[in-house]
> 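There's a structure below that I have some questions on.
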There are 2 protein chains.
Amino acid sequence: MATLKDIATAVGVSVATVSNVLNDRPNVGRVIRQKVLRAANKMGYRPNRAAQAMRTGRTRAIGLVLPDLTNPFFPELAQAVENTARSLGLLVCLVDSQGRAEGEANGFALLMQHAVDGIIWCPVGPRLPPYLHSATRPVVLIDRPRPGFPVVHSDYVMGGHLLAAYALRMGHTHVGLLSGPQNLASARQRRDGFVEAFPRDIKVAWEVVVGFDGVLNAAALKALQRRGRATLIVAGNDLIAISAMRCLAEAGVRVPEDVSITGFDNIRWTDVVTPRLTTIAQPVGAIGAKAVQLMQQRLSGEKISGQRTIFDVTLIERDSVRRN
Amino acid sequence: MATLKDIATAVGVSVATVSNVLNDRPNVGRVIRQKVLRAANKMGYRPNRAAQAMRTGRTRAIGLVLPDLTNPFFPELAQAVENTARSLGLLVCLVDSQGRAEGEANGFALLMQHAVDGIIWCPVGPRLPPYLHSATRPVVLIDRPRPGFPVVHSDYVMGGHLLAAYALRMGHTHVGLLSGPQNLASARQRRDGFVEAFPRDIKVAWEVVVGFDGVLNAAALKALQRRGRATLIVAGNDLIAISAMRCLAEAGVRVPEDVSITGFDNIRWTDVVTPRLTTIAQPVGAIGAKAVQLMQQRLSGEKISGQRTIFDVTLIERDSVRRN
DNA sequence: TACGGACGGTGAAACGTTACACCACGCACA
DNA sequence: TGTGCGTGGTGTAACGTTTCACCGTCCGTA
């Protein structure tokens, strides 16, 4: 690997000058500038990140801390984050906390040790881990707001509204809710948005809270079994919806003939399952990209204007809801 | 952040000694060793990776280059890689090449610039990119062997055998093949393993090659439409199988009543789709973990014994194949 | 008593950058 | 003639580690 010194001696100029050229700073003449550039190019010079990091304290790497790569929402996000980061010359260091606070703390320690410039983070716990405050690096949250940190996520309330309006339009007046964990704002807002946009004379027949990972607990199973008067089941996300569909199918209940169902997220599989799932699409790619852009702004010293960046969601109408 | 010097002055000892203690090297007495350890602990000392990297040339970070996080096989792999790497104190730097050679080259450049200690790689192109040879860092391949590099993957031939034996046992004598891209060894071996274990008097009614991402081309669509005499469709992976099932369902063909189908990979969704998909499970987690272990061995100077590490696969019998 | 070696510890160079202070020169202007 | 300034460039310290050469001291042994 060629170093600044190599180039300097090759061109016959000082190291400082080479450095100045390469970081295009002023105070170096045209001819020398050209010579240095050419030499650097020919010798295939790449700055030694370790040395740079040591001197400047910046690594041009960012951490990405995710709770569960197994949930299809996150790989898509990771892909977007990695790709836009790379286009900005930023390396992405991945931590999958597997939904455990311990793994998260662990991953953070590792990231801090490697002195990443910033962290894009989708927190697992309900509260901020204390070590975060000691993090000297900027943090951008994804999907799960916490006081004091910038966050980018979808307009979940809007999603709930959209769903409610659609349910009404399709003539459903009794719904069952298979909500996600209510300590997660994303789950709560979907639910509240839905309920809030639903007229008073229309009933939530029942509601069960389950995990976002789509494994159904006993209460959920029972609720699905005797569905009460619900003609529509509104699931907290697609994983839940698909699990529910599978569960219903096994009980011989047909979707959407016997009961309708909606999801949330528009993961790839909603389009491939039978019947195809009506759901809310969030712009995952845009969210990931935006998070990186925000980070980049913070890294280059700009103050981030708004603390929250919220993306519109859209209703994807497919085959899992029938007119009632 | 506390440095060696801080500890040294606190304890009243030289920097060198502190360094010696912390890397537990000999030639330092018990009392001082204790003092230093205690001080380091109290001050929350973490070695500055940049400085270490600069001095030693090692970063304790590894690259993970994947072709497509959107394919559920890879997130699972990434999760395993990240977790076992972290347990070894290794940071994982992610690159998603999006299946493009250009992205791959790009990502490699970034990784080399950051001087990762090694790269775990699932190559997209059929051949080795030239820049790889100039990579001064060890490479461990996953899933896709290339001459000259250690690789870990599943026994795809065995998978084919298992499927063939099962097909026979279930009385299927005419099969349609929806094979994956034949330039990928993983796809080719599944197919060849299947065909090879299939007795002569039994026919492959038709075969179409499609991508592993599960989008079906015109030929595949046509083949599915008139299925010839095939009573069983053997898909190259689960994505393909599920897409095919959806396609069949839309045409009013019932699975498995009218035609049976098998997948490969046992991704999460095989269990949730209707009917549940009979498939081959590969031990993804074990593969990821093994790749990291191999890397770790190489990093600590051991020569890797075998170039290939191959894992057994198992048949997961579910509902998508019926006795014929 | 003298010598060799183990033990416990120190000083300082080096890794590749960056950034600050400094310098020399030429030119305009009073 | 001297002052001031802009232009183009250099020398070097510093970042936090690791590592190598070196140095006392003490003990056992010849």
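Here is how names work: the chains are called A, B, and so on, in the same order as the sequence lines, proteins then strands, and each is numbered from 1.
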> So does B/D117 pair up with B/R137, basic N to acidic O under 4.0 Å?
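Yes, B/D117 and B/R137 are salt-bridged.
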> Which part of the nucleic acid, if any, lies within contact of A/P47, taking any heavy atom under 4.0 Å across all strands shown: a base, the sugar-phosphate backbone alone, or nothing?
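Answer is sugar-phosphate: A/P47 comes under 4.0 Å of backbone atoms only.
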> I want to verify a distance call: between D/dT17, D/dT19, D/dG8, whose nearest atom is closest to the B/A16 side chain?
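Nearest to the side chain of B/A16 among the choices is D/dT19.
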> Is the closest side-chain heavy-atom distance between B/N27 and B/N20 below 4.5 Å?
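They are not in side-chain contact.
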> Do you know the tightest heavy-atom contact between B/D96 and B/P67?
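Shortest heavy-atom separation between B/D96 and B/P67 comes out as OD1-O, 3.5 Å.
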> Choose from C/dA12, D/dG9, D/dG16 the nucleotide whose nearest atom is closest to any side-chain atom of B/A51.
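The listed nucleotide nearest to B/A51's side chain is D/dG16.
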> Quick check for you: among C/dG16, C/dT10, D/dT10, whose closest atom lies nearest to any side-chain atom of A/M54?
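Selected nucleotide: C/dG16.
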> Consider the side chain of A/Y45, meaning its heavy atoms from C-beta on, and name the nucleotide among C/dT17, C/dA12, C/dG16 that approaches it most closely.
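Of the candidates, C/dT17 comes closest.
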> The side chain of B/V13 lies closest to which of these nucleotides: D/dT10, C/dT10, D/dG16?
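Of all the options, the side chain of B/V13 is nearest to C/dT10.
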> Counting heavy atoms from C-beta on, name the nucleotide in C/dT10, C/dT17, D/dT17 closest to the side chain of B/S14.
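Closest of the options to the side chain of B/S14: C/dT10.
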> Side chain of B/T3 only, please: which of D/dT17, C/dG16, D/dG9 is the nearest?
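The answer is D/dT17.
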> When you get a sec, tell me which of C/dG9, D/dT10, C/dA19 is the closest nucleotide to the side chain of B/V28?
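Comparing C/dG9, D/dT10, C/dA19 against the side chain of B/V28, the answer is C/dG9.
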